[in-house]
Amino acid sequence: MQSSNLSGLSIEGIAKSYGATVALERVSIHLAAGQVHALLGENGAGKSTLVKILSGVVRPDTGQMLLDGQTYMPGTILDARARGVATAFQELSLPSNLTVAECLLMPTLRKGRGGLVSARRTVAAAAEILARYDLRSVAPSALISDLSLAERQRVEIVRAFHHADRVLVLDEPTAALSDVTWLFDQIRRATARGIAILYISHRLAEVRSLCPVATVLRNGRSVATVDLRQADDDEIFELMVGHSKASESVRRSRVTVGAPVLEVRGLTTPKLADVSFTIGAGEILGVSALDGQGQRSLFYALAGLEKRLAGEVLVEGRPSRPGKPGDALRDGIGLLPEERKTEGILANLSSASNIVLPILDRIGRRGFVWPALERAAALESARAVELSPRYVSFRIGDLSGGNQQKALLARTMASGARTLLLFDPTRGVDVGTKEAIYAAIQAFADRGGSVLMYSSELPEIVRLADRCLVLYGGRVFTELAGPELEERTMVAALTGYTSAPLARGAAR
Amino acid sequence: MTTQVASLPPSAASPDRLVRLVASGAVIVTILYLILYGLYALWEPSALTAYTFGSLVNNTAPLAIAAAGETLVILARGFDLSVAGVISLTNVVMASYPVDGPGGALLSLMLCMAVGGIVGAVNGYLVAVLRLQTIAATLGTMIICQGLSLVILDAPGGVVSDFVADTLTDTLFGFVPVSGLIVAAVVGAWLMLRRTDLGVALYTIGTDEAAAALSGVRVARTRFLAFVAAGMVYGIAGFMLTAQTVTGNPNSGSPFLMLTFAAVALGGTSLSGGRGGLVGSIMGAALLMLLQKVLFSGGVSSFYTGIFQGAVLVLAIVFSRALTHLLERSRA
């Protein structure tokens, strides 16, 4: 596509693994000077690892990069900057105790008399940078912690522009921006100066208006580089999901859905607006969303970990207003949290102790819990999730991630909850364990339990869920069921597209 | 007075910054100090004499300087227990190898700072390069230093040069204690450090290490240098302690361990890093020592000192919390 391979940045066969987890398998992209190149891919496709490699935060295991024909392999952020490569990170990287001016100039501030940092000169230099990128509305002497999220994002972007003489990486730069005109103007000016830009965004409309070409990343591989003027949305979604996967997934056969177990009406939190749905006995309701669309808030509000601003939750007709997870358990709602290591396991205790934690008062005799009682109760729960009995007495911290997850699922089920809230239950576990977890979830539903399940993996939702809510910006964007519940429709809905007439009411 | 935020002095004081300044530990602890000193003067009229003030400053200097050093490490989100070890070690080194005269005093001071700097470099290597937990690593070096002190001087004793003992506890022009000047020099060095890239980096890694790294701050180097600088400052504290006590004692540093952290906390520095300043810690140390003196002059048994010091620490923190809360609410 590009006449000269020397100008711009060539990424050739980059791979990176963290232990046994392969983050990038083989990625090749050519960023031409003066062009905006889009990078598309699902969550977990490897986008953030690629960004880190380009920025000098991590080094690839194999592969090479050429910047204007010369080897480029930065070891630190400063190395990358020295070569004219800079990144505006998605998880904004501005230390909150600094001023805007300090952030823009770190790690070397302007000096005054005696070689000491001069606040005046630092602010003046920063004001000049802000003016160069038309961001005069932000005071250079303001503290980062006093800025709004949108302002912080703009400062992050300006800083990247300021350091990017050759290559600029923008990772979800519009996540917190409601108005994108300013950003697009800056991008056009930068490309006019011959800067190559890698643009990562899940908003396809935005990508189309900016980028002539896009590279699609799937499972750590760059699967295709497409001319966006010729490819339609369906083709792109298909590339992101993969043909084979889309056709392979099998829907579970449906048992009849019983009486409503969990009814949520107008649930609102700081990150969630007016979410309503109902789950019946024996039903699995999927939740699908891109990162940070309020899904965590939904689960935490239901489990009593987050405050609700408005709305009503009924469990089998009785209102549930948990102030802490223990209250939610009493109401019959059990949460499987997202972060296994920090919110789930107690690493130093045995698996058995971990599993029986919520039911200690039930298995004890006269208030004393004997190891044998604990073990017996744990073994029974372990069977439901196919956790091998020999692991039950092991320290849970020594088990594999998959077995830890099984133990946590066993704990959540053992609590006697009739409604399970499963937040990404197969995150980071191997294929075999996934099957066991799927089976356990299905069995739970078949016994009449109801399940609310968020997953970052679409095939999982397609396979397990009876219906699926798609969250976008803290609202229910649409609800998919029946034949609509398939990956391509979901990818489109996730990114704010819908083929069906828009957002129907979410309640059944 | 340094403010709580790392940012450079604002061109125009906004209400936000005023609130932060008033609620900062340094201001609160200074007010508490003045109140207590007023009570002390009512109780004991001699409190207002230059002699009493001078001896109070002399008593305070070692702890104040030790707390100042500790603050450097705590700001970068770490704990440094080796403070007690370095003070013991430098104390016995000075008592075992006294050098007389002004040149000798300077040589001793350099030696103390070098010893502290080496211990700090070991701490820094363990923490910043090998990434050990700061408490574990510095607990190890503290115990090593205590052991070394016993090897150098196995029982209290030794000789301290007359020049060190006399000059450093003296008063200039009848009212300026020399030890106070040393503390002022430490503060001066700090005010300069705050206005270097290293000083700004120190606060930044204490606040958000990941963001600091992504902003181009060399995290390991900054943390290493914080430990080295802290070690050198502990060396000065050991030097000053020796001048006060005029003797060597292999356990002389032990009482400093808890009081150093108390002084830092009292001075409003967040023990989780990123917020606070060295001046607050020095005032915190001064308050703890003044309290000791007031209780003593009031005839309270020294057995009760700890109870009062602890209570003041807790009350000051609660008070500062409440004040911040009130000020923020009144603006909202």
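What you are looking at is a predicted structure, and each value in this text was computed from that prediction instead of being measured. Order of the sequence lines fixes the chain letters, A, B, ..., with proteins taken first and strands second; residue numbering starts at 1 for each chain. Side chains are part of it too, since the values below use all heavy atoms of this structure and drop only hydrogens, waters and symmetry mates.
In terms of heavy-atom pairs under 4.5 angstrom with chain A, the leader among B:Leu214, B:Val217, B:Asp208 is B:Leu214.
In the displayed structure, A:Arg296 atom CZ is contacted under 6.0 Å by at most 12 heavy atoms of other residues, nucleotides or ligands. Counting heavy atoms of neighbouring residues, nucleotides and ligands inside a 6.0 Å radius, atom OH of B:Tyr33 exceeds 12 of them. By the 6.0 Å contact criterion, CZ on A:Arg110 is open, its count of non-hydrogen atoms from other residues, nucleotides or ligands being 12 or less. For NZ of A:Lys111, the number of neighbouring non-hydrogen atoms (other residues, nucleotides, ligands) closer than 6.0 Å is greater than 12.
Note that CG of A:Leu78 is 7.5 Å distant from CZ of B:Arg218, once rounded to the nearest 0.5 Å.
Interface remark: B:Thr207 contributes side-chain atoms only to the contact with chain A (heavy atom separation under 4.5 Å). With a threshold of 4.5 angstrom between heavy atoms, A:Thr108 approaches chain B through its backbone and through its side chain.
Of the possible donor and acceptor atoms, none in the side chain of B:Asp197 sits under 3.5 Å from a partner among the backbone N and O of A:Met106.
Checking B:Ser215 against A:Arg159 by side-chain atom types alone, a donor-acceptor pair falls below 3.5 Å.
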